Amino acid sequence: MPARERVPALNTDAVPGTDPATSAALAADPATALALLAEGRIEVHGRLTDASNAVLYCTAALDGLTAPCVYKPVAGERPLWDFPDGTLAGREVAAYELAAATGWALVPPTVLRDGPHGPGMLQLWVEPDEDAPELLALQDPAGPEEGWLPIVRAEVAEGRTALLVHRDDERLRRLAVLDAVLNNADRKGGHWIPAADGRIYGIDHGVTFNTEGKLRTLLWGWAEQPLTAEALHVLARLAADLDGPLAERLRPHLTPAELDATRARTALLRRTGRHPLPSPDWPSIPWPPV
């Protein structure tokens with residue numbers, strides 16, 4: 001299944017830094033990437049037309065370094081009934097800041113800055129590793145096969161059903177923990193990127209941090225299973241940071257109530273020690289799922 005929407009009518013191979021190894025190396029160097037994104041000259045090359053909001057494919061250039069990035073101007077955000085207008089770009093930056101605080105580096109470097117179409121989110125483009133093993137699959141409904149975890153049974157064609165599954169992969173499991181803290185309402189299969197260095201990066205975090213429970217994801221394979229010792233350690237550190245420096249970095253992008261809700265979700269995960277179950281009051285699977 002596709003890891004990321006490609007840019008229509010644009011040869012990304014002609015843009016410096018789009019090969020998987022180069023983009024992975026820059027994503028793993030956040031200090032350099034953040035400086036490039038925050039201070040570099042932005043050039044727009046095209047638009048991702050499948051996105052619901054304005055998503056522009058760009059390059060940022062600074063001091064001889066050029067790299068591809070995604071620019072989401074606030075002016076191009078579509079109004080949503082359950083999120084305040086003009087806040088999605090800031091939520092993407094808040095998601096990056098919180099992910100960085102976990103130490104798991106699960107979100108590409110992201111900043112909020114002025115661009116060609118006004119203020120917006122600028123995020124480093126991570127080119128997918130086309131040779132990476134698939135992380136989603138459709139299998140026999142009697143499954144799942146060894147090494148895979150079930151998500152949901154789905155109708156595929158002519159009344160036939162298949163089991164949608166994801167890999168039992170520690171990188172995805174970390175992403176599932178992060179999403180529970182972020183209250184991510186849109187973890188589709190196309191919203192994680194396998195990088196050439198073996199990392200996985202989550203993208204598209206505009207609908208996060210709501211005060212109401214909105215977790216909607218494909219990563220339900222660990223539902224109600226105990227959290228790993230590593231995850232509990234990270235959550236303990238995160239809880240402390242949410243009362244300290246991290247809170248200061250999140251305040252420009254979140255309301256006080258949203259910040260309090262983030263603390264409460266973190267505390268609940270620590271108290272239960274388990275991955276959450278789907279809510280009976282909210283659709284648990286994003287649509288479309290990929």
Side-chain angles (χ1 to χ4, degrees), residues 52-53 77-99 101-102 104 106-107 149-154 164 166 172-192 202-228 231-232 234-243 246-247 250-251 253-290:
S52 56
N53 298 302
E77 293 180 6
R78 183 184 62 177
L80 299 173
W81 67 269
D82 50 351
F83 286 84
D85 292 351
T87 67
L88 304 190
R91 294 172 193 278
E92 297 243 28
V93 177
Y96 167 71
E97 292 287 357
L98 193 145
T102 67
W104 283 335
L106 290 170
V107 178
L149 297 172
I151 304 169
V152 68
R153 282 183 173 80
L164 181 62
H166 65 72
L172 290 180
R173 191 167 189 173
R174 291 170 177 167
L175 193 59
V177 175
L178 176 67
D179 283 345
V181 176
L182 296 179
N183 195 17
N184 190 354
D186 198 27
R187 179 61 73 200
K188 295 182 173 73
H191 290 179
W192 61 68
I203 61 169
D204 287 334
H205 297 105
V207 285
T208 50
F209 293 105
N210 203 295
T211 56
E212 299 180 7
K214 291 186 177 291
L215 183 59
R216 187 165 50 192
T217 177
L218 292 185
L219 298 177
W220 289 117
W222 298 282
E224 210 174 20
Q225 289 190 22
L227 294 166
T228 65
L232 289 170
V234 166
L235 289 168
R237 189 174 67 244
L238 193 61
D241 209 5
L242 281 166
D243 286 325
L246 177 58
L250 297 181
R251 279 196 180 99
H253 312 297
L254 305 178
T255 67
E258 289 167 344
L259 189 53
D260 285 342
T262 304
R263 294 188 183 102
R265 290 190 297 271
T266 304
L268 180 62
L269 288 167
R270 296 182 66 200
R271 184 166 65 251
T272 64
R274 294 181 178 275
H275 290 268
L277 284 166
S279 169
D281 304 318
W282 178 253
S284 60
I285 302 295
W287 187 260
V290 295

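All values below come from the heavy atoms of this structure, side chains included, with hydrogens, waters and symmetry mates left out. For clarity, every value in this text was computed on a predicted model and none was experimentally measured.
Between atom CG of residue Leu235 and atom CG of residue Leu178 there is a gap of 10.0 Å, rounded to the nearest 0.5 Å. The CG atom of Leu232 sits 12.0 Å away from atom CZ of Arg237, with the distance rounded to the nearest 0.5 Å. Considering OG1 of Thr217 and CD1 of Ile285, their distance stands at 7.5 Å, rounded to 0.5 Å. Taking CG from Leu250 and OG1 from Thr262, the interatomic distance works out to 7.0 Å, rounded to the nearest 0.5 Å. With values rounded to the nearest 0.5 angstrom, Leu218 atom CG is found 9.0 Å from Lys188 atom NZ.
Put simply, the side chain of Arg263 gets close to the backbone of Leu242: a donor and an acceptor are under 3.5 Å apart. In this structure, Glu224 contributes its side chain and Arg274 its backbone to no donor-acceptor pair below 3.5 Å. Between the side chain of Asp179 and the backbone N or O of Asn184, no donor-acceptor pair lies under 3.5 Å. With hydrogens and angles ignored, the 3.5 Å screen pairs no side-chain donor or acceptor of Arg216 with any backbone N or O of Ser284. Between the side chain of Arg91 and the backbone N or O of His205, no donor-acceptor pair lies under 3.5 Å. Remark: side-chain polar atoms of His253 are not paired, donor with acceptor, to backbone N or O of Val93 under 3.5 angstrom.
Annotation: side chain of Arg187 is in contact with side chain of Leu175 (closest heavy-atom distance under 4.5 Å). Phe209 is not listed as a side-chain neighbour of Thr87, based on a closest heavy-atom distance of 4.5 Å or more. For the pair Ser279 and Leu215, the minimum side-chain heavy-atom distance is 4.5 Å or more. Taking the side chain as every heavy atom from C-beta outward, Leu164 and Arg153 never approach each other to under 4.5 Å. A 4.5 Å side-chain heavy-atom check between Val207 and Leu80 finds at least one atom pair inside the cut-off. Side-chain contact check for Leu227 versus Trp222: every heavy-atom pair is 4.5 Å or farther apart.
For the residue pair Asp186 and Pro286, the shortest heavy atom distance occurs at OD1-CB, 3.7 Å. Heavy atoms only, all atoms of each residue included: Val234 and Trp104 are closest at CG2-CZ2, 3.6 Å. The nearest pair of heavy atoms linking Gly190 to Ile203 is O-CD1, 3.9 Å. Across Ala101 and Asp241, no two heavy atoms sit closer than the pair CB-OD2, 3.7 Å. In plain terms, the two heavy atoms of Leu269 and Pro276 that are nearest each other are CD2-CD, 4.0 Å.
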* Output, in order, the C-alpha distance, side-chain angles, deciding distance and verdict of side chain to side chain contact (heavy atoms under 4.5 Å, CB included) for Val177 and Thr102. => CA-CA 10 Å; Val177 175; Thr102 67; over 6 Å; no
* Asked: Passes side chain to side chain contact (heavy atoms under 4.5 Å, CB included), Asp85 versus Glu77? Steps please.
  -> CA-CA 8 Å; Asp85 292 351; Glu77 293 180 6; over 6 Å; no
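Side-chain rings of Trp192 and His166 stay apart, their centers remaining 6.0 Å or farther from each other.
Heavy atoms of other residues, nucleotides or ligands lying less than 6.0 angstrom from CD of Gln225 number more than 12.
Remark: Asp82 engages Lys214 in a salt bridge, criterion side-chain N to carboxylate O under 4.0 Å.
Looking at Asn210, Thr208, Asn183, Thr211 one by one, the single match for side chain to side chain contact (heavy atoms under 4.5 Å, CB included) with Glu258 turns out to be Thr211.
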